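What follows is a structure written as structure tokens; I'll ask about it next.
Quick caveat: nothing in here was measured; it's all calculated off a predicted structure. Quick note: residue numbers are just sequence positions, from 1.
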Amino acid sequence: METELELSPELRTLLEKKAFGHVITMNPDGSPQVTLVWVDVHNGKPAFNTNTARQKGRNLSRDTRVMMSVQDPDNLGQYALIEGVAQVAEDGAADHVNHLAQKYMGAPYPNFQPGEVRIIVDIDVARVSGRGPWVA
């Protein structure tokens, strides 16, 4: 992997907004899989949360390459494209999804399933592009 990049203050601000992201992972056949996600900053990195049984969770267990696009809800013509490597952790994932649910819904996460394993996905950022103040 290339040198990991730190988040700029502008990109951090975008990720802390109630902005939605699109996460791209790679299916076993090499085709891209895209999912709408809630985004956040966790451990100083762009982050999202998922269930290991979902396709993106299964894909990341095999191939940790990930891309995320995030559109600025306050300026729809601005967006960030974040490329990097996923770092996956189960510790604290239930609390993290509850934090995200509070941010996006104003209530605790309502969709826990019996036996599900939640994960926090932090992205070690290799490249940021797009359109906005976070692009050099």
Side-chain angles (χ1 to χ4, degrees):
M1 182 182 107
E2 301 172 26
T3 303
E4 182 182 344
L5 301 176
E6 288 188 32
L7 294 184
S8 68
E10 296 85 1
L11 184 54
R12 176 181 284 274
T13 297
L14 173 64
L15 294 167
E16 289 173 344
K17 290 181 180 183
K18 193 175 175 180
F20 290 93
H22 291 91
V23 166
I24 303 165
T25 61
M26 301 306 289
N27 286 316
D29 67 2
S31 64
Q33 191 269 342
V34 181
T35 307
L36 182 73
V37 295
W38 294 337
V39 300
D40 195 10
V41 176
H42 181 259
N43 293 328
K45 301 170 189 274
F48 63 96
N49 192 297
T50 191
N51 177 329
T52 57
R54 294 198 176 130
Q55 188 64 50
K56 64 185 164 294
R58 293 193 312 268
N59 286 347
L60 289 170
S61 72
R62 181 184 32 72
D63 184 342
T64 58
R65 294 176 297 164
V66 64
M67 289 186 74
M68 177 191 291
S69 70
V70 182
Q71 188 173 27
D72 187 339
D74 301 322
N75 186 341
L76 298 178
Q78 294 190 351
Y79 60 95
L81 298 173
I82 301 164
E83 298 177 50
V85 175
Q87 299 298 324
V88 175
E90 290 181 29
D91 277 354
D95 290 338
H96 183 249
V97 77
N98 275 318
H99 165 77
L100 289 169
Q102 285 292 336
K103 175 181 172 179
Y104 286 88
M105 301 171 48
Y109 185 68
N111 298 322
F112 285 109
Q113 301 299 315
E116 80 175 347
V117 177
R118 300 232 38 116
I119 54 174
I120 303 170
V121 181
D122 293 340
I123 300 174
D124 289 342
V125 179
R127 182 171 184 255
V128 177
S129 59
R131 183 174 182 202
W134 36 82
V135 179

Check: Asn27 main-chain N/O paired with Ser31 side-chain donor or acceptor under 3.5 Å: no

CG on Leu15 to NE2 on His42, rounded to 0.5 Å: 13.5 Å

Tyr109 side chain to His99 backbone, donor-acceptor under 3.5 Å: no

Pairing residues for Thr35 by the side chain to side chain donor-acceptor pair (under 3.5 Å) criterion, not counting sequence neighbours: Gln33

Cluster link Leu14 to Val41, ILVMFWY, side chain under 4.5 Å: yes

same_hphob_cluster(Met68, Met26) at 4.5 Å side-chain heavy-atom cutoff: no

From CA spacing to verdict: side chain to side chain contact (heavy atoms under 4.5 Å, CB included), Val66, Val23: CA-CA 7 Å; Val66 64; Val23 166; 3.7 Å; yes

Criterion side chain to side chain contact (heavy atoms under 4.5 Å, CB included) on Val125 and Leu7, from CA distance to verdict: CA-CA 8 Å; Val125 179; Leu7 294 184; 4.3 Å; yes

Cluster check Leu81, Trp134: I/L/V/M/F/W/Y, side chain < 4.5 angstrom: no

Sequence neighbours excluded - salt bridge (Lys or Arg N to Asp or Glu O under 4.0 Å) pairs with any residue from residues 39-49: Glu4-Lys45, Lys45-Asp124

Joint cluster assignment, Met105 & Phe112, ILVMFWY side-chain distance < 4.5 Å: yes

For the student: nearest non-hydrogen atoms of Pro32 and Ile24, plus distance: CB-CG2, 3.9 Å

Inter-residue atom distance Met67.CE - Ser129.OG, 0.5 Å rounding: 6.0 Å

Salt bridge (Lys or Arg N to Asp or Glu O under 4.0 Å) partners of residues 22-39, not counting sequence neighbours, each pair once: none

Atom pair CG (Asp122) and CG (Asn43), whose distance is rounded to the nearest 0.5 Å: 5.0 Å

Residue from Thr64, Asn59, Thr50 passing side chain to side chain donor-acceptor pair (under 3.5 Å) with Thr25: Asn59

Approximate separation, where rounding is to 0.5 Å, of Trp38 CH2 and Phe48 CZ: 14.0 Å

Beyond-backbone contact of Gln78 with Pro133, side-chain heavy atoms, under 4.5 angstrom: yes

Asn98 and Gln102: CA distance, side-chain angles, deciding distance, side-chain hydrogen bond (donor to acceptor under 3.5 Å, both in side chains) verdict: CA-CA 6 Å; Asn98 275 318; Gln102 285 292 336; over 6 Å; no

Ala126 versus Leu5, closest heavy-atom pair with distance: O-CD1, 3.5 Å

same_hphob_cluster(Ile82, Ile120) at 4.5 Å side-chain heavy-atom cutoff: no

Which atom of Pro108 lies closest to which atom of Ala101, heavy atoms considered: C-CB, 3.8 Å

Residue pairs, two or more places apart or on separate chains, that pass salt bridge (Lys or Arg N to Asp or Glu O under 4.0 Å) and touch residues 61-80: Lys17-Asp72, Lys17-Asp74, Asp63-Arg65

Worked verdict on Leu11 versus Val128 for side chain to side chain contact (heavy atoms under 4.5 Å, CB included): CA-CA 9 Å; Leu11 184 54; Val128 177; 3.9 Å; yes

Results of side chain to side chain donor-acceptor pair (under 3.5 Å) for Gln71 - residues two or more places apart only: none

Pair listing, salt bridge (Lys or Arg N to Asp or Glu O under 4.0 Å) test, anchored in residues 90-116, at least two apart: Glu116-Arg118

Pair Val135-Tyr79, side chain to side chain contact (heavy atoms under 4.5 Å, CB included): steps then yes or no: CA-CA 9 Å; Val135 179; Tyr79 60 95; over 6 Å; no

Spatial distance of atom NZ (Lys18) from atom CG (Leu100) [nearest 0.5 Å]: 12.0 Å

Note, Thr52 side chain near Arg54 side chain (heavy atom, < 4.5 Å): no

Nearest heavy-atom neighbours spanning Ala86 and Leu60: CB-CD2, 3.8 Å

